[in-house]
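Here is the structure we will look at.
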Amino acid sequence: MSRRVRSVIRRKSNNHIIENVMIPTRDGVSLSTDIHRPQTDGNLVEEPLPVLLQRTPYNKSAPVRLEEATFFTNSGYVTVMQDCRGRYDSEGGFSKYVDEGQDGYDTVEWLAQQPWCNGKVGTFGLSYASHTQAALACLNPPHLSAMWLECGGFASAYHSGCRNGGAFELRQVTWAFREAMESPEARENPDTTRAAMARQDIHDWFSRFPWKPGHSPLSWTPDYEDYLMEIWGNDSFDEYWQQVGLSALAHLGPFSDVPQVHQCSWYDPYAHGTIRNYVELSQTKTAPISLIMGPWTHGGRSLTYSGDVDFGPHSTLDNPSEGSFNKQRLAFFDHWLKGQENNWRKKAPVKLFVMGGGSGRRNPEGRLDHGGRWTEEDTWPPAKVQETSFYFHRGGGLSISLPETEARSSSYLFDPARPVPTIGGNISSGLPIMEPGGFDQRESEDFYGCSAPFLPLATRPDVLVFQTEPLGESLEVTGPVVVNLWISSSAVDTDFTAKLIDVYPPSRNYPEGYSLNLTDGILRTKFRNSWSEPELMQPGQVYPLTIELYPTSNLFAEGHRIRLDVSSSNFPRLDVNGNTGENPCLSPIKVVANNTVYHDRDRPSHVVLWVAAESTA
């Protein structure tokens, strides 16, 4: 799709803004770009300056991006905001993720050739604007000089971000539905395309999976329907998932060796990928690379809370000692793009927020005061932690002691027509279907798929619960979380889920206690041995499985319990396995599975936590 856009010059504060400059790409498509240049006493700064670039599908001229551009331009940078291909004022058709590498490379190199650029281009931005950074870095443009990636930048979208343990993250569905309303088709045809989409209720459509091409709520916007059906339909790890834009790890060699900050949060869907990128890049590149992990949901670094849980006023990235978030980013770019000597080099490479340790009371805003603190480390996982296995026991126990030798198991029926509802977790773009963050794991009318009498998830017959005795002293867990199971099923394929929970004891504010979700994971059993070559199971045969949960950092306070819930669904966060071996995107057939988890000396199902050395269970 081609559209004519007129360049307009505006002035705001000390900025000189040229709007809708059309930057050409290698295939002839032009990308609409706003260029913000500094002024002094009303005159343009003529000396060449470093450039900061953000590429976004969410409208380059939106107020939040204008605010960012104004800040950096007033700080002595040429700041560039660009609409991604097929979005807002840019030409071409939109295909999520996979065009961003070449388009980003071409934009960086075009900027570097302009007389107002000194040859150094830095990139910044949140979420998709972070994906665009990682994508262009996979092609290593010569003039890329520094990056701050916030809550995004796929390490591998197959393993985390689009798919998860073989299951599909349905936030991709809600994203496509929401963003299709701002597609060129919808904006240019308000009486037909936009009007038709406005009549669709996404709640109703979530009860009609699988969707049929041409007969979905996206059928009026073919680019978006095609994207969704393609990415959902590709359930095995193949060349599709190794494209630039979907996997940084597949392009680790050429990935730009420049100073980088990888920033994310524990309740963010990109937490796993952010840490994976940090670990792999810091081990293979020579430039300084940093990791920042906070306690928030996606993009919430200026908020003190995540879902129903509060971490205290010091939990944001706006703080008195280091200044606002913008000032921290400015210090990074000033050091690496302008050569300023500031405190940036003195920072530890890893900055983590350890959740927990609060009062446990309900704060004035009605949220659980979970508390927490920042810590600086030299490595991930921190040197202070060590792997510790907590084994499942008869009767729902969880401890560091090995289970009994006598054969033990726990079974349940998994009915795909009645999945376990999602209550919080690592979600973005999920509204109005999913709510991200930390919550008491109790059903409520506020969460999709829940039903009266709204009891705790632990009471469901298809949820296995394993928990420690109340802790005699506090225990810090910081690092990866891995669950090793021995399982069998009556089905040829099924899912197993695991969720780590901090269980508060009863209190005045929470008479029934509070079961706080920390992290979770899933594995579709046909991918137990290979992501690229699925293998169905023999019904009744016992198999070992490994479920990788999102990483976390939490202080389990004295008197609390560590709990692990095991089940086979987490909907609507993840698509529901029909237990037939078919992709749920394509097959409407569902059968009930009888699933079993074994926990004896020969088949010791357990969770592996990274426990701080000074902590004891």
Side-chain angles (χ1 to χ4, degrees), residues 265-268 271 293-297 304-312 315 352-363 367-373 375 385 388 390 392 396-400 422-426 435-442 456-458 463-483 497-507 509-521 549-567 570 606-612 615-617:
S265 44
W266 301 124
Y267 286 103
D268 194 294
M293 294 296 298
W296 330 284
T297 53
T304 67
Y305 61 88
S306 173
D308 189 44
V309 181
D310 199 281
F311 305 101
S315 61
L352 309 172
F353 191 88
V354 183
M355 302 180 290
S359 69
R361 295 189 289 269
R362 184 179 283 114
N363 69 9
R367 298 187 180 94
L368 172 72
D369 175 25
H370 191 55
R373 60 183 175 83
T375 181
V385 299
T388 305
F390 289 77
F392 301 179
L398 185 69
S399 80
I400 58 176
T422 298
I423 300 180
N426 297 64
E435 184 76 24
F439 293 92
D440 191 9
Q441 295 300 287
R442 172 184 294 270
L457 290 184
V463 176
L464 303 181
V465 177
F466 300 93
Q467 62 183 0
T468 65
E469 294 296 321
L471 298 175
E473 57 186 78
S474 296
L475 182 150
E476 179 190 331
V477 170
T478 297
V481 179
V482 175
V483 174
T497 64
K499 183 185 298 180
L500 182 66
I501 296 170
D502 184 346
V503 180
Y504 275 75
S507 64
N509 289 144
Y510 302 98
E512 298 175 83
Y514 193 105
S515 299
L516 170 61
N517 59 301
L518 297 173
T519 180
D520 57 57
L549 284 63
Y550 283 79
T552 193
S553 181
N554 185 70
L555 181 71
F556 292 84
E558 179 182 351
H560 290 212
R561 298 174 187 260
I562 301 172
R563 187 173 110 194
L564 193 84
D565 288 358
V566 175
S567 191
N570 185 356
H606 60 279
V607 56
V608 180
L609 304 176
W610 290 72
V611 177
S615 302
T616 57

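Every heavy atom of this structure was used, including side-chain atoms; hydrogens, water molecules and symmetry mates were not.
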For residues [X] and [Y], determine if any side-chain heavy atom of one lies less than 4.5 Å from a side-chain heavy atom of the other.
| X | Y | answer |
| --- | --- | --- |
| Val354 | Glu476 | yes |
| Phe353 | Met293 | no |
| Arg373 | Thr375 | yes |
| Val481 | Val607 | yes |
| Pro295 | Phe311 | yes |
| Leu464 | Phe392 | no |

Rounded to the nearest 0.5 Å, what's the gap from [atom1] on [X] to [atom2] on [Y]? Could you check?
| X | Y | atom1 | atom2 | result |
| --- | --- | --- | --- | --- |
| Glu512 | Ser507 | CD | OG | 11.0 Å |
| Trp610 | Thr388 | CH2 | OG1 | 9.5 Å |
| Tyr305 | Asn363 | OH | CG | 11.0 Å |
| Leu457 | Asp565 | CG | CG | 7.5 Å |
| Leu500 | Asn554 | CG | CG | 7.5 Å |

Side chain to side chain donor-acceptor pair (under 3.5 Å) evaluation trace for Thr478 with Ser553: CA-CA 4 Å; Thr478 297; Ser553 181; 2.7 Å; yes
With a 3.5 Å distance limit and no angle check, can you tell me whether [X] reaches the backbone of [Y] through a side-chain donor-acceptor pair?
| X | Y | result |
| --- | --- | --- |
| Asp520 | Ala498 | no |
| Asp502 | Leu516 | no |
| Ser306 | Val309 | no |
| Ser359 | Arg361 | yes |

Test side chain to side chain contact (heavy atoms under 4.5 Å, CB included) applied to Thr552 and Tyr550, step by step: CA-CA 7 Å; Thr552 193; Tyr550 283 79; over 6 Å; no
For Asn426, all residues meeting side chain to side chain donor-acceptor pair (under 3.5 Å), sequence neighbours excluded: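 If we apply the side chain to side chain donor-acceptor pair (under 3.5 Å) test to Asn426, skipping adjacent residues, there are no hits.
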Side chain to side chain donor-acceptor pair (under 3.5 Å) against Tyr514, all qualifying residues, sequence neighbours excluded: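 Result, side chain to side chain donor-acceptor pair (under 3.5 Å) vs Tyr514: Asp308.
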Heavy atoms only: give me the nearest [X]-[Y] pair and the separation to one decimal.
| X | Y | result |
| --- | --- | --- |
| Ala271 | Ser265 | CB-O, 3.3 Å |
| Gly307 | Thr297 | N-CG2, 4.4 Å |
| Asn517 | Gly437 | ND2-O, 3.0 Å |
| Leu555 | Ser474 | CD1-CB, 3.9 Å |

Worked verdict on Tyr510 versus Leu368 for side chain to side chain contact (heavy atoms under 4.5 Å, CB included): CA-CA 9 Å; Tyr510 302 98; Leu368 172 72; 3.6 Å; yes
Verdict with reasoning, Asn570 to Thr422, per side chain to side chain donor-acceptor pair (under 3.5 Å): CA-CA 5 Å; Asn570 185 356; Thr422 298; 2.6 Å; yes
Evaluation steps, side chain to side chain contact (heavy atoms under 4.5 Å, CB included), between Thr497 and Val566: CA-CA 5 Å; Thr497 64; Val566 175; 5.8 Å; no
Side chain to side chain contact (heavy atoms under 4.5 Å, CB included) with [X]: which residues, sequence neighbours excluded?
| X | result |
| --- | --- |
| Thr304 | Asp310, Ser315, Thr316 |
| Thr468 | Phe390, Leu398, Leu471, Arg561, Ile562 |
| Ser515 | Asp440, Gln441, Ile501, Val503, Arg563 |
| Pro505 | His560 |

Met355 vs Phe556, side chain to side chain contact (heavy atoms under 4.5 Å, CB included): CA-CA, chis, key distance, verdict: CA-CA 9 Å; Met355 302 180 290; Phe556 292 84; over 6 Å; no
